[in-house]
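Just so it is clear, the model here is predicted, and its values are computed rather than measured. Below, read A as the first sequence line, B as the second, and so on, with proteins coming before strands; counting in each chain starts at 1. For the numbers below, each heavy atom of this structure counts, side chains included, while hydrogens, waters and symmetry mates do not.
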Protein chains: 2
Amino acid sequence: MTYNTSALDGFAALGDPTRRAIFERVAARPSAVGELALGLPVSRPAVSQHLRVLKQAGLVRESPQGTRRIYRLDPRGIGAMRDWLEAHWTTALDAFKDFADAQADEETAA
Amino acid sequence: MTYNTSALDGFAALGDPTRRAIFERVAARPSAVGELALGLPVSRPAVSQHLRVLKQAGLVRESPQGTRRIYRLDPRGIGAMRDWLEAHWTTALDAFKDFADAQADEETAA
DNA sequence: CCTTACGGTAAGCCATGACTTACAATACGA
DNA sequence: TCGTATTGTAAGTCATGGCTTACCGTAAGG
């Protein structure tokens with residue numbers, strides 16, 4: 001099973017609560033792996049593995065700085081998700097409006 | 001571990017490819033469970049279980065119609081995700097801009 | 001009524017993945 | 001050059017969850 005596996009994997013990446021926490025901390029301030037691990041209830045390797053997933057989803061970028069790797073947001077991944085949601089947002093509203101209208105008609109008829 | 005478990009569970013819901021396929025089909029046209037299962041490589045109970053998750057995430061709504069249940073989009077869930085992404089979108093752009101500027105300065109200095 | 005259609009639920013199987021500890025690699029500082 | 005700091009990776013464990021088949025409830029229609 002493959003479906004559309006493109007950049008929409010951002011949803012799977014942000015689906016994990018720990019990963020979402022990491023993402024939000026990186027969003028607040030670019031950080032190294034160790035710093036992130038300090039504020040989280042998981043080990044440093046776990047954070048490292050999560051960052052790899054986030055990176056593959058295009059959600060974060062790393063830039064080496066000495067022996068440390070600074071992680072910052074990458075607009076590409078979040079942009080793709082944003083576009084996808086925005087497209088469905090309008091259709092969702094339209095569909096809901098049609099449904100509400102139909103309900104109203106039903107009420108009137110009854 | 002709990003983190004923020006509110007309506008952001010939409011990410012976890014849409015993280016699964018099968019669920020995303022179901023969501024897109026419901027977005028294209030409100031459908032019954034059986035119809036959805038016909039066009040997918042999984043059994044009808046599987047679709048039913050996925051719909052439950054999507055419903056709990058506020059992404060779809062069901063409305064009984066005879067023995068059938070018509071599923072349509074629910075704007076609430078997708079709206080929450082949209083807001084969350086939109087907020088981080090701007091910070092992502094800002095952070096990226098700062099980073100790009102710093103890189104440019106570094107280039108100039110070198 | 002009795003039958004048929006439709007869909008939710010239970011139980012169980014199995015792959016995925018999140019996490020841990022242990023280890024290897026790399027860059028900096030004394 | 002040697003020790004230290006920082007991080008990625010390997011291997012293994014364990015829980016989560018996605019899928020299936022079997023079953024039960026319920027609403028229409030003869």
Is the shortest side-chain N/O distance from [X] to OP1 or OP2 of [N] below 4.0 Å?
| X | N | value |
| --- | --- | --- |
| B:T18 | D:dC19 | yes |
| A:S43 | C:dT20 | yes |
| A:Y71 | D:dT6 | no |
| A:T67 | D:dT7 | no |
| B:R19 | D:dG18 | yes |
| B:R52 | C:dT9 | yes |

Exercise answer: donor-acceptor pairs, residues 50-60 of chain A side-chain atoms, under 3.5 Å, sequence neighbours excluded:
from  : atom 1 : to    : atom 2 : distance (Å)
A:H50 : ND1    : A:R19 : NH1    : 3.4
A:K55 : NZ     : A:E62 : OE2    : 2.5

Could you state the [atom1]-[atom2] distance from [X] to [N], rounded to the nearest angstrom?
| X | N | atom1 | atom2 | answer |
| --- | --- | --- | --- | --- |
| A:L51 | C:dA18 | CG | C1' | 14 Å |
| B:R44 | D:dC19 | CZ | P | 14 Å |
| B:Q56 | C:dT9 | CD | C1' | 14 Å |
| B:H50 | C:dG8 | NE2 | P | 13 Å |
| B:D16 | C:dA15 | CG | P | 17 Å |
| B:R69 | C:dG8 | CZ | C1' | 7 Å |
| A:R68 | C:dG29 | CZ | P | 12 Å |
| A:L54 | D:dG8 | CG | C1' | 16 Å |

Are the side chain of A:R25 and the backbone N or O of A:G39 linked by a donor-acceptor pair below 3.5 Å? yes
Are a donor atom and an acceptor atom from the side chains of B:R69 and B:S63 found within less than 3.5 Å of each other?
no
* Please evaluate the base of D:dT6 for a donor-acceptor partner in the side chain of A:E35 within a cut-off of under 3.5 Å? => no
Is there, by distance only and without an angle test, a donor paired with an acceptor across the side chain of A:Q49 and the base of D:dT7 below 3.5 Å?
no
Rounded to the nearest 0.5 angstrom, the CD-CG distance for B:E24 and B:L73 is 10.5 Å
Could you please spell out the steps behind the side chain to side chain contact (heavy atoms under 4.5 Å, CB included) verdict for A:E86 and B:E86?
CA-CA 10 Å; A:E86 203 63 29; B:E86 203 64 30; 4.2 Å; yes
Intra- and inter-strand pairing of DNA chain C, written as dot-bracket with Watson-Crick and G-U pairs under 3.5 Å and | for the latter, reads ||||||||||||||||||||||||||||||
Would you call the rings of A:F11 and A:W84 parallel, tilted or perpendicular, taking 30° and 60° as the class edges?
perpendicular
Output a table of donor-acceptor pairs, distance under 3.5 Å, between side-chain atoms of residues 41-49 of chain B and any protein atom two or more places apart or on a different chain; print 'none' if there are none.
from  : atom 1 : to    : atom 2 : distance (Å)
B:S43 : OG     : B:A46 : N      : 3.4

Quick one: label A:P64 by what it contacts on the DNA or RNA (base, sugar-phosphate, nothing), any heavy atom closer than 4.0 Å. nothing
